[in-house]
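Read through the structure below, which is laid out as structure tokens, and then see the notes.
Numbers here are sequence positions counted from 1.
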Amino acid sequence: MSERSERTTSAAEPPDRAGRAERVDSATEVFVAHRNLLFTVAYEMLGSAADAEDVLQEAWLRWVGVDPATVRERRAYLVRIVTRQALDRMRALGRRKESYVGPWLPEPLLTAPDVAEDVELADSISMAMMLVLETLAPVERAVFVLREVFDHDYEEIAEAVGRSPAAVRQLAYRARAHVAARRPRGPVSPDQTRAALQAFQRAVETGELQSLLDILAPDVVALSDGGGVRHALPRPIVGADNVARLLAGGWWKRDADRSVEPVQINGGPGLLVRVDGEIDGVVAVRVENGCVTGAYHVRNPEKLSYVARETVVSR
């Protein structure tokens with residue numbers, strides 16, 4: 001190559017690099033604008049914040065290779081990428097859950113108080129609902145989340161999950177019926193929730209059996225997840241008498257160095273437990289008709305990263 005040609009090629013490179021940098025900046029701006037939404041989509045499909053973050057990293061790598069100017073519906077396009085990555089991740093997660101030690105609970109999120117104002121969003125990420133979603137097949141779960149929580153049309157969902165719109169309609173119908181038969185009985189007022197959480201906190205801190213029986217619903221369920229690393233219940237405990245005696249008898253140790261703080265977990269009431277100033281676990285509480293119907297205790301250290309700081313969720 002001649003000296004003149006080399007100079008010409010060299011002179012042409014900076015505009016190319018500048019153009020690519022501009023496209024990357026544009027792609028980054030679009031991705032960041034939708035990031036909270038994309039995280040929420042992935043989290044609702046996976047039940048794991050760490051895996052949702054991995055999905056977002058994979059989605060970013062695919063998105064950065066696309067010129068945003070060529071994409072008409074950027075939100076839908078990004079959700080489609082995240083959905084496909086989440087579906088792939090679900091299969092790997094399913095194998096991990098099969099070998100999980102003890103009951104598996106979703107990875108809890110510390111959420112801002114204003115999340116509860118969006119009743120549908122708060123309900124969709126609640127521990128109780130996330131456990132219901134676990135009973136759906138992966139594609140059914142993706143269809144349900146995109147349709148019922150994020151209000152995507154059937155054509156958009158069909159592109160995301162690789163099925164026809166007619167098939168997606170059938171999947172959505174089956175998933176709705178499945179969830180309706182198992183979902184919690186509906187939201188309660190903030191005042192009821194606050195009062196029930198305060199009463200539950202006082203009862204578990206004192207260990208008074210009657211106080212516990214007064215606040216627990218007859219069919220209350222208690223589950224705990226230690227991941228084989230921390231002590232936890234080996235199986236669910238059902239019924240007010242059984243759960244009250246469990247709490248009063250030492251499941252919740254009342255040590256001098258243990259503190260309990262009311263927080264919002266997954267859009268609902270919860271308690272953050274610290275021992276010697278370090279986070280030991282969280283209890284997400286389900287409240288219905290002024291009583292506690294579910295207590296979901298997560299102690300697995302690998303699942304506590306997202307309760308140290310607030311996570312923004314949106315739709």
Side-chain angles (χ1 to χ4, degrees), residues 48-50 100-113 115-116 126-128 130-131 192-217 220-287 290-311:
S48 165
Y100 197 79
V101 179
W104 182 94
L105 290 174
E107 187 173 359
L109 304 177
L110 182 68
T111 50
V115 172
S126 70
M127 280 285 185
M130 295 290 282
L131 286 173
Q192 267 191 325
T193 299
R194 194 177 306 110
L197 181 64
Q198 290 172 350
F200 181 70
Q201 180 180 350
R202 286 195 300 269
V204 296
E205 286 180 325
T206 61
E208 294 177 1
L209 186 61
Q210 188 56 53
S211 296
L212 287 163
L213 289 170
D214 289 342
I215 193 59
L216 297 175
V220 62
V221 178
L223 300 94
S224 64
D225 177 346
V229 181
R230 296 267 182 86
H231 176 71
L233 299 173
R235 63 188 64 85
I237 304 298
V238 182
D241 188 64
N242 292 331
V243 173
R245 292 184 186 283
L246 174 73
L247 292 170
W251 180 49
W252 192 287
K253 295 180 180 178
R254 286 163 288 283
D255 303 325
D257 57 1
R258 183 175 297 258
S259 65
V260 181
E261 174 190 354
V263 292
Q264 186 169 100
I265 298 294
N266 285 55
L271 299 174
L272 180 65
V273 184
R274 295 180 188 271
V275 174
D276 293 330
E278 299 294 328
I279 294 175
D280 182 75
V282 294
V283 181
V285 179
R286 177 72 188 179
V287 176
C291 293
V292 173
T293 59
Y296 311 97
H297 189 193
V298 180
R299 296 194 69 216
N300 184 348
E302 294 182 359
K303 292 187 176 184
L304 297 177
S305 299
Y306 287 80
V307 298
R309 62 187 188 281
E310 284 186 1
T311 297

**Message:** Given 3.5 Å as the limit, does a donor-acceptor pair link the side chain of N300 with the main chain of E302, or not?
**Reply:** yes
**Item:** Derivation of the side chain to side chain contact (heavy atoms under 4.5 Å, CB included) call for L197 and V287
**Value:** CA-CA 8 Å; L197 181 64; V287 176; 5.7 Å; no
Exercise: identify the closest heavy-atom pair between [X] and [Y]:
X	Y	value
A203	L212	CB-CD2, 3.5 Å
K303	P108	O-CD, 3.3 Å
A128	Y296	CB-OH, 3.6 Å
T111	V115	CB-CG2, 4.0 Å
A244	L216	N-CD1, 3.7 Å
E208	S211	OE1-OG, 3.0 Å

Side chain proximity check, [X] to [Y], heavy atoms < 4.5 angstrom:
X	Y	result
L131	L105	yes
V204	V260	no
P103	D225	no
E310	P113	yes
L233	L246	yes
D280	R230	yes
L110	V263	yes

**Request:** I would like to know whether N242 and V220 meet side chain to side chain contact (heavy atoms under 4.5 Å, CB included); could you show each step before the answer?
**Result:** CA-CA 9 Å; N242 292 331; V220 62; over 6 Å; no
**Message:** Does the structure place the NZ or CZ of R202 under 6.0 Å from the centre of the six-membered ring of F200, at an angle of no more than 45° from the ring's axis?
**Reply:**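 Checked: cation-pi criterion not met.
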**Request:** Please report the C-alpha distance between R286 and M127 in whole Å, then the side-chain angles of each, then the deciding distance to 0.1 Å, and finally whether the side chain to side chain contact (heavy atoms under 4.5 Å, CB included) criterion is met.
**Result:** CA-CA 8 Å; R286 177 72 188 179; M127 280 285 185; over 6 Å; no
Working to the nearest 0.5 Å, report the span between [atom1] of [X] and [atom2] of [Y].
X	Y	atom1	atom2	value
E205	L247	CD	CG	12.0 Å
C291	I215	SG	CD1	5.5 Å
T311	L109	OG1	CG	5.0 Å
R299	I279	CZ	CD1	13.0 Å
I237	H297	CD1	NE2	14.0 Å
S48	E107	OG	CD	4.5 Å

